[in-house]
Amino acid sequence: MEKIQYHFHTEMFRQTSQLVTARARLRATRPGKPLRILSFGSSIGEEVATLRFLFPNDEIYGCEIDDRVLEICQRSVGSLATIFKSSSEAIAANGPYDLILASAVLCLNPAPEDFKDRFPVSKFDDLVAMLDANLNPGGIFIVTNASYRFTESPVARGYDTIRSDIVHSAGFINVFTRKSRPYLQPVASSGGSIYKRRGNFVPRDDEDLADSVFEKRAGAGAAAVHELELAAPPASLIVLSQHKRLNTDWANKNIPERTVVVEYAYKFCRVEGTEDHGYVQEIGWTSLVGEGFHRRKPTWNPVP
Ligand SMILES: C[S@@+](CC[C@H](N)C(=O)[O-])C[C@H]1O[C@@H](n2cnc3c(N)ncnc32)[C@H](O)[C@@H]1O
């Protein structure tokens, strides 16, 4: 198997919102059943450790293609999971899986000049098809920070989309159309992640910016979207203060046309009749398919 992403950067709890969403869905669709989970491209092991924490009673597997990084992963978190060298054969031998996480692996980032030659969409499709072949029906595939959109690949026809209020980004790297033309391009700024839209590609809807959790359909039927509410605000809140922030506020350069402006609105609150505090966050972004802003459901974030 070929190495795709060449950087090794990883962190603890990197894809927590996607993983918590997948966990909620899998607990509902297969209650009490132990899960087999694969971290594809586990790097030095922070993702495996995160999975162990979030899925304490399930079987965790991690595969990595780079020998040096693989050795660090085995040495540091080898007691938490089964870690093996990435190959189609080894992935199949340890599977099939109920959850596969492909985070920052199905990509070349930063995208080089010869991106199209080094990572054409056919290579993306082949890897996605290989992972799909090792995922059980009803299983969940998380794809974040990928150079192409999973929803555009041929195997995606067999998947439903799982959306939740706590997942509001599929990543921050360059995203390409299936002709390897730029679609979403990061804008250089002094802070946060900002995307600019390029070309005429029109996604299926505004949630294209966030869709990253997909469920392999167990039977025949039309594609569906399942919406989960995992962080609905309590009914009675006393608002203590509030403000809004745009992702463009801290940019130190002119913001180009077709920038995807993301607005974060915060309300800091106390739950009425208690001493519990937290904040309601409402996120919206420039519509990718029409005029105006696309608004997400508010979420509740307790503060200790
Ligand atoms: C940027 S890191 C991402 C690590 C982790 N998934 C995360 O999101 O924190 C990408 C890792 O994928 C590995 N990788 C690249 N191509 C791979 C392949 N074909 N199979 C398995 N791992 C691969 C790289 O060696 C690198 O360690």
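One-based numbering, in listed order, for ligands and for the atoms of each. Quick note: numbers below take in every heavy atom, side chains included, and nothing from hydrogens, waters or symmetry partners.
- Protein heavy atom closest to atom 4 (C) of ligand 1, with residue, atom name and distance, is Gly41 O, 3.4 Å.
- Salt bridge status for Glu152 with Arg178: absent, with no side-chain N to carboxylate O gap under 4.0 Å.
- Comparing Arg68, Met1, Met130, Glu64 against atom 13 (C) of ligand 1, the shortest heavy-atom distance belongs to Glu64.
- If you number the atoms of ligand 1 from 1 as listed, the ones under 4.0 Å from a heavy atom of Ser43 come out as 4 (C), 27 (O).
- Side chain to side chain, Thr144 and Gln15 meet the donor-acceptor criterion of an N or O pair below 3.5 Å.
- Not one N or O of Asp66 is nearer than 3.5 Å to an N or O of ligand 1, by distance alone.
- The contact set between ligand 1 and Phe40, taken as ligand atoms under 4.0 Å from a residue heavy atom, comprises 18 (C), 19 (N), 20 (N), 21 (C).
- Listed by number with element, the atoms of ligand 1 under 4.0 Å from a non-hydrogen atom of Ser86 are 20 (N), 21 (C).
- Residues satisfying the ring-ring contact (aromatic ring centres under 6.0 Å, His included) criterion with Trp300, sequence neighbours excluded, are absent altogether.
- From the protein, the heavy atom lying nearest to atom 8 (O) of ligand 1 is Ser103 OG, 2.5 Å.
- Checking Gln18 against Ser212 by side-chain atom types alone, a donor-acceptor pair falls below 3.5 Å.
- In Gln15, neither the side chain nor the backbone holds a heavy atom less than 4.0 Å from any atom of ligand 1.
- A salt bridge does not link Lys244 to Asp249: none of the charged side-chain nitrogens sits closer than 4.0 Å to a carboxylate oxygen.
- With respect to Arg36 and Asp58, no salt bridge is recorded, no charged nitrogen being found less than 4.0 Å from a carboxylate O.
- Close contacts between ligand 1 and Ile4 involve ligand atoms 15 (C), 16 (N) [criterion: under 4.0 Å to a heavy atom].
- Counting only N and O atoms by type, the side chains of Tyr183 and Asn200 include no donor and acceptor under 3.5 Å apart.
- Shown here are the side chain to side chain contact (heavy atoms under 4.5 Å, CB included) partners of Arg295, two or more places apart in sequence or in another chain: Glu263, Phe293.
- Taking the six-membered ring wherever Trp is involved, the centroid distance between the rings of Phe268 and Tyr279 falls below 6.0 Å.
- At the top of the distance list for atom 9 (O) of ligand 1, counting protein heavy atoms only, stands Thr10 OG1, 2.5 Å.
- Among Ile65, Leu127, Leu131, Ile173, the residue whose heavy atom lies nearest to atom 17 (C) of ligand 1 is Ile65.
- Within the 4.0 Å heavy-atom criterion, the part of Glu47 lying near ligand 1 is the side chain and not the backbone.
- Contacts with ligand 1 closer than 4.0 Å are made by backbone heavy atoms (N, CA, C, O) of His9 only, the side chain lying farther away.
- The closest heavy-atom contact to atom 2 (S) of ligand 1, among the options His7, Glu2, Lys3, comes from His7.
- Checked options Tyr148, Phe119, Phe124; the residue passing with Phe176 is Tyr148 (criterion: side-chain contact (heavy atoms from CB on, under 4.5 Å)).
- Of the protein's non-hydrogen atoms, Gln5 O, 3.2 Å is the one closest to atom 15 (C) of ligand 1.
- Geometrically, ligand 1 and Ser42 share no nitrogen or oxygen pair separated by less than 3.5 Å.
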